[in-house]
Amino acid sequence: MSDPSPDTLSPMREFDPQLDVQDPGWAHLFHIPPHPAGDGESAYFAGNSLGLQPLATKGAIDDELQRWAQWGVEGQLQGPRPWKDYHEALREPAALLVGAIPEETVIMNSLTVNLHLLMASFYRPSGQRNKILMEDIVFPSDGYAIDAQVQWHNLDPAEHVIRLRPRDGEDTLRTADILAAIDEHKGDLALVLFSAVNYLTGEVMDMPVITAAGQRAGAYVGWDLAHAAGNVEMSLHDWNVDFAAWCSYKYLNSGPGAVAGAFIHARHVVDTAMPRLAGWWGTRTDTRFRMERHFDPPPTADAWQVSNPPIFAMAPVEISLKIFADITMPVIAQRSERLNHYLRELFQEVANEVPAGSLHVITPAEPLRHGCQVSVRFSGDIRTITDQLRDEFGVIADGRNPDIIRFAPVGLYSTYFDCWRAADALTRILA
Ligand SMILES: Cc1ncc(COP(=O)(O)O)c(C=O)c1O
């Protein structure tokens, strides 16, 4: 971290370097990308899109490459972590991360694939009960997957997928409106599937209340945790969530396209007869290599595995989950809340300095309704703003059409100085 130089004097408050001294975070565990066009480091706010690389990741991949060189196929059985059992070591830290018991979690595949595998088990339209309730402002992949599942059952998404929009003039969904929609459709809902943290607005949903309401209405309730895992604290087991899936490349810092995670509640994993799209890695480990015809799943989330895991891609997930297990989710979430609060204060100062209406924060302010991300709506062209932020000021943030830029001060590695740089840069660009 370098001090702001005198030639960067801003109309805003001066930066107080004590903030980072008192609340330092863990940036030293990560590679922080350099300023794309200047000296020093960038101020990286895109951890909600792609998290940063832990220093330990390369060594972990190299170790597995070395084992492959040394053992060949014997690596399945030899060495400190035989590949055939590799995923088992990730189960406990994954469970810790999402508030599950270990039998309920498995690291496998990618997010949309896991949503499909889980919907194959949990979306079983029958008679009148055949609809899915979701949010309308959704990452498109979820919408495609849900429509495809409905079509897979020869139903029409236009009729069987209910997409909830915020009220006119509002940016985020109200819990009361979700509950009212569940109640309105209680006779025909088969599945309620929302994002726990909305990708665009950063809104955190009231997961326990919505889960309970959906289940009271007779539906299964699943959650996309893409923007929640590694961001906010969760208690999936205690909240009685039916299933959930997440990716590992955002707040979990496991690299582009990293292997994802899945949760299936304990009361479902014991039902080994549950329908699923099975593969050999979903059978019990003690009988798997007998190569028998009979599919013999264990009473754990492992039963949803299809193929054997990609070890070189599992190693970064292991490193990431270890960081979260060591530092712990509550500690990370509390620091991210402090950064989030500071960034919002600074953005308010920016709004006071620049022409009225240039920007406003759309992410809810209440601590339980947001995680790291602060989504800001701009009246100016967001491409120009994000380009200028990056190229002139080294501030990496993520623009989403038509008018929103997302800033994620990440509890693990973002700094107060990063936040100040973002606000200072915005003041200069917008003024
Ligand atoms: C909310 C949400 N769902 C789904 C996806 C798609 O994930 P994947 O490409 O890993 O399937 C993303 C990716 O960013 C996402 O943010």
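Atoms within each ligand, like the ligands themselves, are counted from 1 in listed order. Model, not experiment: these values are computed from the prediction.
- Of the charged side-chain nitrogens involved, none lies within less than 4.0 Å of a carboxylate oxygen, so that R421 and D424 do not count as a salt-bridged pair.
- Shortest contact from atom 14 (O) of ligand 1 to any protein heavy atom: K250 NZ, 2.7 Å.
- The protein non-hydrogen atom at the shortest distance from atom 4 (C) of ligand 1 is D142 OD1, 3.1 Å.
- Under 4.0 Å from ligand 1, heavy atoms of T112 appear from its side chain as well as its backbone.
- Every atom of ligand 1 with a heavy atom of D224 under 4.0 Å away is listed here by number and element: 1 (C), 2 (C), 3 (N), 4 (C).
- Contacts between V113 and ligand 1 below 4.0 angstrom, taking non-hydrogen atoms only, are absent altogether.
- The shortest contact between atom 8 (P) of ligand 1 and any protein heavy atom is with Y249 OH, 3.2 Å.
- Remark: minimum distance from atom 16 (O) of ligand 1 to any protein heavy atom is reached at H227 NE2, 3.0 Å.
- Checked for salt-bridge contact, E392 and R428 miss the test: no charged N lies under 4.0 Å from a carboxylate O.
- With 3.5 Å as the limit, one finds a donor-acceptor pair spanning the side chains of S195 and E135.
- Atoms of ligand 1 found under 4.0 Å from any heavy atom of A226, numbered from 1 in the order shown, are 1 (C), 2 (C), 15 (C), 16 (O).
- For the pairing with N340, the side chain to side chain donor-acceptor pair (under 3.5 Å) check across R338, R344, E337 returns one residue only, R344.
- Proximity of D391 to Q388: side-chain heavy atoms (C-beta onward) are nowhere separated by under 4.5 Å.
- Scanning for salt bridge (charged side-chain N to carboxylate O under 4.0 Å, His left out) contacts around D387 gives R390, with sequence neighbours left out.
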